[in-house]
Each structure stands twice: as C-alpha cells, then as structure tokens.
Amino acid sequence: MKPLQISADTALKLSEKLGVPLEQIMHMPQHILVQKLVELQQEENNEK
C-alpha cells in the first residue's frame with residue numbers, strides 16, 4: 001500500500017484534528033481516513 005497522496009500540511013492538520021500520529025495518517029487506508037473525516041464532520045455538526 002502506498003502512502004496517501006496528500007500534502008504534508010494537510011497530513012499535519014488531519015493528525016491534529018483526529019488525534020492520530022502523523023505516520024499513521026500517511027499510511028492509513030484511504031477509505032478509513034474518509035470514514036474518520038465523516039465522523040469528525042458529524043460531530044462538528046452536532047455541536048452547532
């Protein structure tokens with residue numbers, strides 16, 4: 001599995017938001033990353 005095709009800046013921001021180490025973000029399968037982003041968005045929508 002190859003690393004995600006995202007910029008270092010994007011990976012750093014995702015790492016901070018998701019509370020996951022940067023190395024884990026870069027090697028996370030894309031479908032899992034998308035699922036985590038959806039969950040994060042739902043949490044933000046529930047707070048509003």
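Residue pairs meeting the salt bridge (Lys or Arg N to Asp or Glu O under 4.0 Å) criterion with at least one partner in residues 5-15, sequence neighbours excluded, are Asp9-Lys13. Screening residues 14-40 for salt bridge (Lys or Arg N to Asp or Glu O under 4.0 Å) gives Lys17-Glu44 as the qualifying pairs, with residues at least two apart or on separate chains.
A single hydrophobic cluster is seen to contain both Ile32 and Ile6, as judged by linkage of ILVMFWY side chains at heavy-atom distances under 4.5 Å, directly or through other members.
In this structure Gln24 satisfies the side-chain hydrogen bond (donor to acceptor under 3.5 Å, both in side chains) test with no other residue, sequence neighbours excluded. Residues satisfying the side-chain contact (heavy atoms from CB on, under 4.5 Å) test with Glu47, not counting sequence neighbours, are none. For Asn45, the side-chain hydrogen bond (donor to acceptor under 3.5 Å, both in side chains) partners at least two apart in sequence or on another chain are Gln41. With sequence neighbours left out, Leu37 forms a side-chain contact (heavy atoms from CB on, under 4.5 Å) with Leu14, Leu33. Every residue was checked against the side-chain hydrogen bond (donor to acceptor under 3.5 Å, both in side chains) condition with Ser15, not counting sequence neighbours, and none meets it.
The minimum heavy-atom distance between Leu12 and Leu22, with the atom names listed, is N-CD1, 3.7 Å.
Note that CG of Leu40 is 5.5 Å distant from CG of Leu18, once rounded to the nearest 0.5 Å.
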